[in-house]
Amino acid sequence: MRIVTVLGARPQFIKASVVSCALSRAGLSETIVHTGQHFDANMSAVFFDELEIPAPNHHLGIGGGTHGQNTGRMIEAIEAVLDGVMPDWVMVYGDTDSTLAGAIAASKLKLRVAHVEAGLRSFNRDMPEEINRVLTDHASTLLFAPTDGAVRQLKLEGIEEAQVCWVGDVMYDASLRYGEKAERVSGVLDALGLERKGYVLSTVHRAENTDSPRRLSCIVEGLGECRDVVVLPLHPRTLGRMRSFGVNLPSNVRVIEPVGYLDMVMLEKNARVIATDSGGVQKEAFFYRVPCVTLRAETEWIELVEAGWNTLSPPEDGHGISESIKRAVGVEGMPIRPYGNGDASERIASCLKNWGPVGTRVAAQSLQETPGSLVRAGRPGLTVPGRGGIDERR
Ligand code: UDP
């Protein structure tokens with residue numbers, strides 16, 4: 001069975017690192033297409049090196065344009081690769097322009113799309129990520145949901161039950177695999193002269209925050225009001241916007257270059273509080289039991305807010321952010337386990353294997369058009385494992 005993985009952005013490299021390993025263990029052949037969406041060495045190459053992700057078979061070198069330009073160019077270039085390979089599955093991750101481009105290119109060729117991290121919603125259609133998620137889910141044949149809430153959401157949107165497979169969160173798998181390694185190999189705390197639990201870690205990169213001079217200034221002001229040192233590994237887009245908006249950094253805020261994953265994990269584990277607008281970093285805060293303040297008005301990972309591990313702090317209120325950070329110190333939420341058992345990537349590999357190869361474009365088309373009816377008809381090898389094809393945990 002041949003799988004083409006389309007990726008291009010930092011969080012996708014981290015997610016793909018564990019899934020690629022599981023695919024290879026399951027004997028599935030993978031071709032990796034890197035769109036080029038993230039291209040700086042510390043936003044891309046470092047993850048391939050550290051996490052031992054196989055080198056991309058195709059590098060499309062597309063980035064730096066508007067959303068529309070990037071997505072359009074990616075669709076064209078991905079289509080050319082897919083047309084040559086004609087895989088059984090096209091795997092896409094998360095919610096970026098690369099995700100949507102992969103899903104559109106594949107579905108136009110009648111190839112089956114498997115979406116990792118399906119069913120998440122912020123219900124904020126102003127976010128480019130929200131549009132990418134919704135469209136990708138609805139172009140996918142197989143939807144790997146990380147949480148119960150994601151499974152419910154897909155059902156509400158009318159997606160066939162048999163297409164949805166609860167697997168847990170692949171980022172949790174990554175945290176288990178690399179959490180201890182980070183402790184062993186990362187020297188980032190010493191290099192930055194940081195005390196364990198003596199600093200706040202922050203990341204800011206969402207367009208809704210970085211592209212608004214008011215929000216960006218409020219966030220920086222809020223971080224500046226903290227008594228602690230705030231370590232801010234800065235996404236290139238945020239740095240660019242800060243410069244063009246003339247945002248000055250308070251003296252307690254230490255901007256550093258984006259770091260590799262192992263250094264990031266080490267910084268997360270040892271932070272007193274994490275303040276972030278990143279989806280992945282919110283979850284990692286929980287994995288390492290560090291209280292989190294989310295610099296947004298809403299989140300896709302609502303279970304962490306409900307359980308008290310995460311607080312939403314709208315980015316229009318700088319003082320509110322510093323108060324939220326102060327209140328979060330030492331807070332522990334309820335004991336929940338929403339992201340599975342650390343075997344999401346294995347479940348994904350076995351699910352793909354169980355759906356079986358397609359082999360020809362015509363067969364892919366018929367499967368894509370009627371996946372539910374094929375499962376209901378009980379054709380061997382097409383049923384998603386687990387009860388009713390929906391939840392493999394129990
Ligand atoms: N990350 C990293 N280095 C950094 C900042 C983040 O390795 O300097 C990792 C982080 O640990 C998480 C992922 O990047 O695994 C999150 O990516 P990002 O915040 O860019 O995207 P999002 O999760 O919001 O989609």
Side-chain angles (χ1 to χ4, degrees), residues 7-19 37-51 53 63 92-100 115-117 120-122 124 127-133 136 146 169-179 181-182 185-186 188 191-192 201-210 230-239 254-271 274-288 290 292 294-296 298-301 304 310 315 339 344:
L7 37 68
R10 175 169 65 187
Q12 293 165 340
F13 309 141
I14 294 159
K15 291 165 197 168
S17 72
V18 282
V19 177
Q37 186 179 337
H38 283 170
F39 46 83
D40 292 339
N42 56 11
M43 295 290 290
S44 174
V46 65
F47 298 98
F48 283 83
D49 294 345
E50 269 189 350
L51 308 182
I53 307 167
V92 293
Y93 290 84
D95 55 21
T96 71
D97 291 343
S98 303
T99 316
L100 179 61
H115 185 202
V116 178
E117 223 178 58
L120 297 176
R121 299 289 180 266
S122 66
N124 176 357
M127 291 176 68
E129 294 91 343
E130 183 76 351
I131 304 293
N132 291 343
R133 285 182 203 116
T136 301
D169 191 337
V170 293
M171 289 193 91
Y172 182 45
D173 299 17
S175 77
L176 296 178
R177 175 166 312 167
Y178 296 109
K181 185 171 182 192
V185 308
S186 169
V188 72
L192 296 176
L201 175 68
S202 183
T203 73
V204 181
H205 78 286
R206 294 247 158 257
E208 70 203 88
N209 287 339
T210 60
V230 178
V231 179
L232 184 60
L234 209 50
H235 193 286
R237 176 178 44 223
T238 318
L239 184 63
R254 276 184 72 178
V255 168
I256 58 172
E257 295 263 320
V259 293
Y261 184 62
L262 297 176
D263 284 346
M264 186 64 184
V265 167
M266 194 64 181
L267 287 171
E268 289 172 336
K269 282 179 129 182
N270 291 289
I274 294 177
T276 185
D277 63 5
S278 156
V281 175
Q282 287 172 58
K283 282 180 293 167
E284 285 165 355
F286 168 71
F287 299 152
Y288 304 122
V290 175
C292 183
T294 292
L295 307 169
R296 288 174 56 195
E298 77 281 305
T299 178
E300 302 74 39
W301 306 102
L304 297 180
N310 190 355
Y339 302 120

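We count ligands from 1, going down the list as the structure has it; atoms in each ligand are counted the same way.
- Within the structure, salt bridge (charged side-chain N to carboxylate O under 4.0 Å, His left out) pairs that include any residue of residues 40-51 do not occur (at least two apart or interchain).
- Ring pair Tyr339/Phe286 is perpendicular by interplanar angle, where above 60° counts as perpendicular and below 30° as parallel.
- Interatomic distance, Thr136 OG1 to Glu129 CD, rounded to the nearest 0.5 Å: 12.0 Å.
- With rounding to the nearest 0.5 angstrom, the CZ atom of Phe47 is 12.5 Å from the CG atom of Leu7.
- By the 30° and 60° cut-offs, the orientation of the rings of Tyr261 relative to Tyr178 is perpendicular.
- Enumerated by chain and number, the residues approaching ligand 1 to less than 4.0 Å through a heavy atom are Arg10, Pro11, Ile14, Phe47, Met171, His205, Arg206, Pro233, Pro258, Val259, Gly260, Tyr261, Met264, Glu268, Ser278, Gly279, Gly280, Val281, Glu284.
- Across all their heavy atoms, Val204 and His235 have their closest contact at O-CB, 4.0 Å.
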